[in-house]
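Atoms within each ligand, like the ligands themselves, are counted from 1 in listed order.
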Amino acid sequence: MVIASTVQELRTLVRGWRVQGRTVAMVPTMGALHDGHLDLVRAARELADHVVTSIFVNPTQFGPNEDFDRYPRTFDADCAMLDQVGCDAVFAPSVSAMYPDGFQTRVEVTRLPDHLCGLGRPGHFAGVTLVVLKLFHACEPDLAVFGEKDFQQVRVIEQMVRDLDCPVRIVRHPTVREADGLARSSRNRYLDARQRSQAPVLFRTLSGMASRIQAGARDPGSLIAQGRAAITAAGLSVEYLSIVDPDTLEDVASIDGPVRILVAARLGVTRLIDNVGAQPASA
Ligand code: PAF
């Protein structure tokens, strides 16, 4: 497995594959890899001849009071795992390579970030779109795989790719879960044993809401009130619990077709997110 730390090195490698007629998939990550990420790499392997995984803890998507400094960095272990699942190359640039002195460009999708995580994390999605566009330019992949756990992120990236005519196909990959339903996340390692036992309430609650929607519940307000109560009773502090249109991410007034149910909640200092799709049986 090749490790490239500059855009030039990565481009040379990828263009070499291209002249041989090979296709390339990219899996952007911030490292601290777990089986959820490896699943994205495995999916990418099925879809293209070569896979590039980027590992870059992107400062521009963290707010001033967020966990950029303490975000786990496990580069050697990450590379060992990637090698085992057949990743061909890791792109691991430095912060100064990505954002050299004098950098002043912004890349921002305007409406989708006005909901959900975007409300509590101003500027977060502008940081994501900026870095993802730079990663796409560096790698020029045919396709890129993103996990649905970060559902709003995937929608924002899909929109950017559409609006800017980026020549890359975005592939959504279903959320990978622990046996008790907790969505795999690099931040789960912050949870102590008690918090780890509380955290599965998120998926249990979302699944219960999805079942009630399938069984005919139409009123988002009462579903959300009951869901919030269940999560709060388990000791978590709810940032948002929303039932939204899966494309626009706007709250729905009544449930008449496919919706997405999304949650963000805090357990101590750790912020967890999750989401599921739902639709009435008749829709
Ligand atoms: O989902 C992530 O890990 C990050 O937001 C991403 C897409 C790698 C951009 O830094």
*Asks:* Taking CZ in Arg106 as the centre, count heavy atoms belonging to other residues, nucleotides or ligands within less than 6.0 Å. Is the count above 12?
*Replies:* no

*Asks:* Within a distance under 4.0 Å of any heavy atom of Pro28, pick out the atoms of ligand 1 and give their elements.
*Replies:* 8 (C)

*Asks:* Salt bridge check, Asp180 against Arg196: does any charged N sit closer than 4.0 Å to a carboxylate O?
*Replies:* yes

*Asks:* If you draw the axis of the six-membered ring of Tyr71, does the NZ or CZ of Arg189 fall within 45° of it and under 6.0 Å from the ring centre?
*Replies:* no

*Asks:* Is a salt bridge present between Arg111 and Glu250, judged by a nitrogen-to-oxygen distance below 4.0 Å?
*Replies:* no

*Asks:* Which of the numbered atoms in ligand 1 are below 4.0 angstrom from a heavy atom of Val131?
*Replies:* 9 (C), 10 (O)

*Asks:* Would you mind listing which atoms of ligand 1 come within a distance below 4.0 Å of any non-hydrogen atom of Gln153?
*Replies:* 1 (O), 2 (C), 4 (C), 5 (O), 7 (C)

*Asks:* Applying the side-chain contact (heavy atoms from CB on, under 4.5 Å) criterion to Gln153, which one of Val132, Val128, Ile273 satisfies it?
*Replies:* Val128

*Asks:* Out of His124, Met30, Gln61, whose heavy atom sits nearest atom 10 (O) of ligand 1?
*Replies:* Gln61

*Asks:* Any nitrogen or oxygen of Thr29, side chain or backbone, less than 3.5 Å from one on ligand 1?
*Replies:* no

